[in-house]
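Okay, so here's the structure we're looking at.
One-based numbering along the sequence shown. Heavy atoms only: backbone and side chains are in, while hydrogens, waters and symmetry mates are out.
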Amino acid sequence: MQIGRLNHVAIAVKDIAKAASVYRDTLGAEISAAVPQPEHGVTTVFVNLPNTKIELIEPLGEGSPIAKFLERSPDGGIHHLCYEVDDIRAARDRLKAQGVRVLGDGEPKIGAHGKPVLFLHPKDLCGTLIEIEQA
C-alpha cells in the first residue's frame with residue numbers, strides 16, 4: 001500500500017455559510033454548494049483549488065462527531081487529512097496488520113465524493129486523524 005495524492009484537508013467550522021463566504025469572497029476561491037452528509041453527521045462544502053480541495057465541515061445534528069471537536073476548539077480548525085488509495089480494503093488490511101486502528105466498524109462508508117472512505121485513529125498516525133478514500 002502507498003498513499004496517493006492529498007485529496008483534501010478538512011476544516012471544522014461552526015458556521016459553514018460564513019466560512020464559505022470567507023473562502024469565496026475574501027480569498028476568491030470557487031466553492032461547491034453545501035451538502036448534508038447524514039451518515040457522517042456533517043454538512044460539507046468543498047473549496048476547489050488547483051492542486052487539491054479544502055473540505056469545510058459543519059456539525060449536522062447533536063450527535064455529530066464534529067460537535068465534540070468544536071467544543072474543544074471553539075474557533076474550529078483542521079480536522080483531518082484525506083489521502084487517496086488504490087484499494088481501500090487492501091489498504092485497511094495492511095494498516096490493521098501494522099497496528100493502525102480503523103475507526104467505526106472497519107467497513108468503508110460512502111463519503112462526500114461518492115467513494116468508499118475509512119478513518120484511521122490519530123493516536124496511531126502522528127496525532128492526525130487520517131481519512132483514506134478509494135481513488
pair [X]-[Y]: side-chain heavy atoms closer than 4.5 Å:
X    : Y    : answer
P74  : K14  : yes
L129 : L103 : yes
T128 : P122 : no
I57  : H40  : no
E133 : I88  : no
R92  : P108 : yes
Y83  : L6   : yes
T52  : V9   : no

Cluster check Y23, V13: I/L/V/M/F/W/Y, side chain < 4.5 angstrom: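 Same cluster.
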Shared hydrophobic cluster, V22 / I54 (ILVMFWY, side-chain heavy atoms < 4.5 Å):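 No.
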Can you give me the closest heavy-atom contact between [X] and [Y], atom names plus distance?
X    : Y    : value
A29  : V47  : CB-CG1, 3.5 Å
S64  : P59  : OG-CA, 3.5 Å
P116 : I110 : N-CD1, 4.0 Å
V45  : A20  : CG1-CB, 4.3 Å

Would one find more than 12 heavy atoms of other residues, nucleotides or ligands at under 6.0 Å from atom [atom1] of [X]?
X   : atom1 : value
E62 : CD    : no
I78 : CD1   : no
D86 : CG    : no

L120: partners by side chain to side chain contact (heavy atoms under 4.5 Å, CB included), with sequence neighbours left out: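 Applying side chain to side chain contact (heavy atoms under 4.5 Å, CB included) to L120 gives L95, V100, V102, L125, I130, I132.
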With sequence neighbours excluded, residues passing side chain to side chain contact (heavy atoms under 4.5 Å, CB included) with K68: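 Here the qualifying residues are R72.
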Quick one: pull up [atom1] in [X] and [atom2] in [Y] and give me the separation to the nearest 0.5 Å.
X    : Y    : atom1 : atom2 : result
Q37  : L60  : CD    : CG    : 9.0 Å
E131 : N7   : CD    : CG    : 7.5 Å
K18  : L56  : NZ    : CG    : 13.0 Å
Q134 : H113 : CD    : NE2   : 14.0 Å
I16  : I11  : CD1   : CD1   : 11.0 Å

Contacts of type ring pair (Phe, Tyr, Trp, His ring centres under 6.0 Å), residue F119, not counting sequence neighbours: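 Applying ring pair (Phe, Tyr, Trp, His ring centres under 6.0 Å) to F119 gives H80.
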Aromatic plane relationship, F69 with H79 - under 30° parallel, 30 to 60° tilted, over 60° perpendicular: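 Answer is perpendicular, since the angle exceeds 60°.
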Among H8, K115, R5, the one residue meeting side-chain hydrogen bond (donor to acceptor under 3.5 Å, both in side chains) with E84: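 Looking at H8, K115, R5, the match for E84 under the side-chain hydrogen bond (donor to acceptor under 3.5 Å, both in side chains) is R5.
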Short side-chain to backbone donor-acceptor contact, S32 and F46, under 3.5 Å: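 Present.
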R101 backbone acceptor or donor facing D124 side chain under 3.5 Å: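 Looks like yes, one N/O pair under 3.5 Å.
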